Amino acid sequence: MKEIRIFSPATIANVSCGFDVLGLCLDNTGDEMVIRKVTEPGIRITKIEGQQLPMEAEKNVAGVAAIKLLQAVEHTGGFEIEIYKKIKPGSGIGSSAASAAGAVFGINKLLNEPFNANELVGFAMEGEALASGAKHADNVAPALLGGFTLVKGYEPLETLKLNTPSELYAAVIHPQIEVKTADARSVLKQTVSLKLAVKQWGNLAALVSALYTEDYDLISRSLTDEIVEPMRSPLIPGYSKVKEAAKLAGALGSGISGSGPSIFALTKGRKSAEAVAAAMGEVYQEIGVDFDLHVSAINQEGIKILATK
Ligand code: HSE
């Protein structure tokens with residue numbers, strides 16, 4: 001295999017109660033990338049369509065993740081990367097993660113898979129570090145593993161794939177403003193009271209349990225975040241109104257997608273996700289904010305191979 005074309009999906013990080021540890025993979029929103037094996041050593045970004053992003057590999061999230069992987073393997077040749085960007089940077093649905101995860105996934109395939117998924121997550125996190133200054137894995141892990149993923153720990157890095165209830169859907173609304181992850185992280189206090197921590201880890205553990213027992217009612221009661229959401233929601237116009245509308249339209253729960261400004265809601269069934277998406281859209285229509293909507297099943301597979309040569 002000399003060349004691989006992939007679909008690299010958007011992802012929702014945090015999922016309310018799992019800041020920096022929980023994430024899920026979307027199905028129909030994502031970038032396309034072509035990765036090509038060449039004799040010339042090193043990594044070159046040869047094409048970017050859809051967004052203005054750096055072409056220098058050392059300044060590009062896909063480039064730095066790929067460089068990190070190449071440093072860990074004995075390989076004399078190099079790779080060219082083409083990126084067809086559909087996920088807007090600063091949208092909160094894992095734009096940088098899709099590029100970084102896609103690059104390491106593609107190169108690993110072209111090298112006959114010397115690395116496992118957990119190791120690929122480690123390389124892809126280098127892209128996240130470049131994008132936001134923080135090596136978080138809760139977008140790159142679901143992009144690479146599919147479904148819901150949990151970062152059990154960062155030192156050492158250990159990522160787990162969780163069960164996804166079969167009827168679970170996501171609705172995501174992206175108000176057309178940009179919130180950089182670095183900025184959304186800079187508003188966070190670095191300490192948490194024990195009382196709030198107890199609430200949060202209770203909800204996170206209950207959510208993980210509910211994913212396995214496919215208990216939609218427990219999912220609904222666990223989707224809360226009293227730590228990060230109050231600090232970040234002021235960055236998102238109409239946030240509480242959107243949440244209220246989602247709930248009224250039947251969402252199991254909703255929250256900030258990753259570092260925002262996108263807002264996600266989880267639902268039981270596609271019809272419910274469509275109704276929730278419409279209700280969230282009405283809020284932004286009323287307050288006059290442009291938006292994009294995504295309704296998606298949970299993508300169990302993660303990155304998909306579209307073609308090989
Ligand atoms: N866990 C990260 C954050 C996700 O909330 O900053 C960013 O997409």
Side-chain angles (χ1 to χ4, degrees), residues 8-26 29-31 51 61-62 65 85 87-102 121-122 124-145 148-155 157-160 162 170 172-175 177-192 196-197 200-201 203-204 207-208 223-236 239 254-264 292 294 296 299 302:
S8 197
T11 45
I12 296 173
N14 301 335
V15 200
S16 294
C17 49
F19 177 72
D20 272 2
V21 297
L22 194 62
L24 66 85
C25 189
L26 295 174
T29 305
D31 298 341
Q51 292 291 332
V61 295
K85 207 80 202 126
I87 313 172
K88 290 180 189 149
S91 58
I93 51 172
S95 178
S96 53
S99 298
V121 170
M125 277 165 59
E126 298 294 330
E128 295 291 54
L130 177 73
S132 70
K135 269 197 194 183
H136 63 91
D138 50 343
N139 291 107
V140 291
L144 283 158
L145 280 69
F148 273 83
T149 59
L150 180 74
V151 183
K152 185 216 164 277
Y154 280 93
E155 288 172 357
L157 179 67
E158 188 176 348
T159 47
L160 308 172
L162 308 175
V172 181
I173 189 155
H174 172 210
I177 51 168
E178 189 183 341
V179 174
K180 290 203 166 75
T181 298
D183 296 337
R185 291 183 84 89
S186 72
V187 303
L188 302 179
K189 278 190 265 161
Q190 294 302 307
T191 52
V192 176
L196 280 187
Q200 196 93 341
W201 62 53
N203 280 318
L204 178 59
L207 179 56
V208 171
L223 282 173
T224 65
D225 169 16
E226 291 184 37
I227 296 178
V228 176
E229 183 184 75
M231 294 186 261
R232 282 182 170 171
S233 53
L235 304 174
I236 306 171
Y239 182 72
S254 61
I256 302 172
S257 177
S259 54
S262 287
I263 302 169
F264 79 95
D292 283 340
H294 309 276
S296 175
N299 168 356

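None of the values given here were measured: they were computed from a predicted structure. Each ligand, and each atom within it, is numbered from 1 in the order the structure gives.
For ligand 1 and Thr181, the ligand atoms under 4.0 Å from any heavy atom of the residue are 6 (O), 7 (C). The Ala13 neighbourhood of ligand 1 comprises atoms 4 (C), with distances under 4.0 Å to a heavy atom of that residue. In summary, the atoms of ligand 1 found under 4.0 Å from a heavy atom of Asp20, numbered by their order in the structure, are 1 (N), 2 (C), 3 (C). Applying the 4.0 Å criterion to heavy atoms of Gly258 picks out, from ligand 1, the atoms 5 (O), 8 (O). Which parts of ligand 1 touch Phe19 is read off a 4.0 Å heavy-atom cut-off, strictly below it: atoms 3 (C), 5 (O), 6 (O). Ligand-side atoms of ligand 1 in range of Asn139: 4 (C), 7 (C), 8 (O), range being under 4.0 angstrom from any heavy atom. Below 4.0 Å from some heavy atom of Asp138 lie the following atoms of ligand 1, by number and element: 1 (N), 2 (C), 4 (C).
Heavy atoms of Val228 found under 4.0 angstrom from ligand 1: none, in either backbone or side chain. Neither the backbone nor the side chain of Glu128 comes within 4.0 Å of ligand 1, counting heavy atoms alone.
With contacts defined as side-chain heavy-atom distances shorter than 4.5 Å, the pair Leu24/Phe264 does not qualify. Side chains of Arg232 and Ser259 form a contact here, defined as non-hydrogen atoms less than 4.5 Å apart. Taking 4.5 Å as the limit, some side-chain heavy atom of Leu162 sits within range of a side-chain heavy atom of Val208.
Judged by distance alone, with hydrogens and angles left aside, the side-chain atoms of Thr159 form no donor-acceptor pair with the main-chain N or O of Val151 at under 3.5 Å.
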Step by step, would you call Leu26 with Ile12 a side chain to side chain contact (heavy atoms under 4.5 Å, CB included)? CA-CA 7 Å; Leu26 295 174; Ile12 296 173; 4.0 Å; yes
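For atom 6 (O) of ligand 1, the nearest non-hydrogen atom of the protein is Arg185 NH1, 2.7 Å.
Of the candidates Leu22, Thr224, Leu150, Leu207 forms a side-chain contact (heavy atoms from CB on, under 4.5 Å) with just one, namely Leu22.
Salt bridge present: Arg185 and Asp20 bring a charged side-chain N and a carboxylate O closer than 4.0 Å.
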